[in-house]
Protein chains: 2
Amino acid sequence: MRIAIVDDDPLVRMGLKAILGSEGGWDVVGEAGDGEAAVALATRERPDVLLMDIRMPGIDGLEATRRIVSAGLPTAVLVLTTFELDEYVFDAMRAGAAGFVLKRVPPTELIEAVRVVAAGESLLFPASTRTVIERFAAREPGITLPELTEREQEVLRALARGRSNGEIAAELFLAVETVKSHVASILTKLGVRDRTQAVIAAYESGFVAPGEPTD
Amino acid sequence: MRIAIVDDDPLVRMGLKAILGSEGGWDVVGEAGDGEAAVALATRERPDVLLMDIRMPGIDGLEATRRIVSAGLPTAVLVLTTFELDEYVFDAMRAGAAGFVLKRVPPTELIEAVRVVAAGESLLFPASTRTVIERFAAREPGITLPELTEREQEVLRALARGRSNGEIAAELFLAVETVKSHVASILTKLGVRDRTQAVIAAYESGFVAPGEPTD
DNA sequence: TGACGGATCCCCCGTACGGGGGAGGGCGGA
DNA sequence: TCCGCCCTCCCCCGTACGGGGGATCCGTCA
């Protein structure tokens, strides 16, 4: 397995190298001290795993991660930082990092983390997982949808897939008038003006979520 | 540390008990075979950690978790299931579980998971973490929006807040006709039919996200 | 039994919406 | 310099949409 290490502190790089080098079958194929060099390194060596520091001069680790991921390189970026800042975690996730761990974790856990991301999985250190879960859960009760009947829920799901009244009628084997009356009752129940606002309410309430079966 | 075990299969309960009992300082203070009994058990014993199966007769593990969490009990629920279904993970997170692991993980990892949630942290098994990150990042699974001009992006954001053409015109100090032409070019660029589908595309692409500034 | 809500369907009507076409000003790249 | 893009505004037109009335059938529940 081929590993690259990116950190602006040579001492940290040496430490990481020492830890990872103790594992058999692993090979540290390159090092970099800033984001620019990190992207170049990843492009040239195409390592399996890249340990990425966040705070670096010039292009920081998050931006470098973004570039590496969006370049479609076969490299799993494991973000490795000193600070337990939640925003770092979220930004790293959004940047496309495969994992997020603190530098101060014991060597065995770091090795395990590298193994996990190399296997195509992901991991966060426990405290981050907690905040992620909290934010995920907290997003849920943004608004609560009023009680909708079975049929109305079906129609709302169809609305959230961008269907017109005619299409919904065809899909559910109904007359357009029936669909219209369902839509009308949905609108009044949700207290919104039109189907677009109904779809927004569906997303905001978690009734439908991005990335779910759109069709 | 006081632990409770909830699973409808007596054999599984015995197995878990055997694994956890091998740790010093841990005490299995109760068992339950369904959700109803789980809530009663948690209320009565107030354990530090509760291992919760999902698939159970009657009230399932997710609903039981919801009740335990919303009751404000000092119990960290570690959801433990056989199936690697993503929806289970998300539902468990929403229900307030502190962790989510598969039954088939090695005993050492299970023990580690109990230790983590008991410490007030959270954890997911790696494959779940990956899907959670992906959904959170909302980059990969979604679609990519074609290039929109500044103005078009403003208009799309307004659309995603449920605004009508007239309202957008007022907000942006434009003529309704201008808004209409922006909307028209958005629709053609996104390849969609109406504003509702445009809003859906905005959510699915991550251009806007649930829980973000709705107003 | 009757009341009630859900689901289905019908008609009328006004309008916001979306398609098509065009036109002018500003600003940066070729 | 001229071309192209963006932003702005204008007109016409057809229709899907949403609001307002209904009506009928069905199950549940009191």
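The figures that follow rest on heavy atoms only: side chains count, while hydrogens, waters and symmetry mates do not. Naming convention: chains lettered A, B, ... in sequence-line order (proteins, then strands); numbering from 1 in each chain.
Of all nucleotides listed (dG18(D), dC10(C), dC9(D)), dG18(D) comes nearest to the side chain of Val183(A). Out of dC17(C), dG19(D), dT8(D), the shortest distance to the side chain of Lys180(B) is found at dC17(C). Closest to the side chain of Lys189(B), from the set dC6(D), dC9(C), dA7(C), is dC6(D). Among the nucleotides dG19(C), dG19(D), dT8(D), the one closest to the side chain of Leu187(A) is dG19(D).
Among the heavy atoms of the strands lying under 4.0 Å from Ser164(A) are primed sugar atoms or P, OP1, OP2 only; no base atom is included. Within the 4.0 angstrom heavy-atom criterion, no nucleotide atom of any strand lies near Ala184(B).
For the atom pair CE (Met52(B)) and CG (Leu78(B)), the distance works out to 10.5 Å, reported to the nearest 0.5 Å. Put simply, CD on Glu152(B) and CG on Leu187(B) are 10.5 Å apart, with the number rounded to the nearest 0.5 Å.
For Glu177(B) and dG24(C), the CD to C1' distance is 15 Å, given to the nearest whole Å. Between the CZ atom of Phe173(A) and the P atom of dA7(C) there is a distance of 18 Å, rounded to whole Å. One atom, CG of Asp194(A), and another, P of dG18(D), lie 6 Å apart when rounded to the nearest Å. Distance CD (Gln197(B)) to P (dC17(C)): 16 Å, rounded to an integer number of Å. dC26(D) atom P lies 17 Å from atom CZ of Arg151(A), rounded to whole Å. With rounding to whole Å, Glu150(B) atom CD is found 14 Å from dC5(D) atom C1'. Leu174(B) has its CG atom 11 Å from the P atom of dC10(D), to the nearest Å. The CD atom of Gln153(A) sits 12 Å away from the P atom of dG6(C) (whole-angstrom rounding).
Contact check, Thr149(B) against dC6(D): no side-chain N or O comes under 4.0 Å of OP1 or OP2. The phosphate of dA16(D) has neither OP1 nor OP2 within less than 4.0 Å of any side-chain N or O from Asn165(A). Remark: Arg195(B) is in phosphate contact with dC17(C), judged by side-chain N or O atoms under 4.0 Å from OP1 or OP2.
Although no hydrogens or angles enter the test, the distance criterion places no donor-acceptor pair under 3.5 Å between the side chain of Arg46(B) and the main chain of Leu41(B).
Contact of the Lys189(B) side chain with the Leu148(B) side chain is registered, since non-hydrogen atoms from C-beta on lie closer than 4.5 Å. Using a 4.5 Å heavy-atom threshold, the side chains of Lys17(A) and Ile5(A) count as touching.
Annotation: of the two residues near DNA chain D, Arg193(B) and Glu152(B), the 5′-most nearest-nucleotide partner is Glu152(B). Residues Leu172(B) and Thr196(A) each lie close to DNA chain D; by heavy-atom proximity, the contact nearer the 5' end of the strand is made by Leu172(B).
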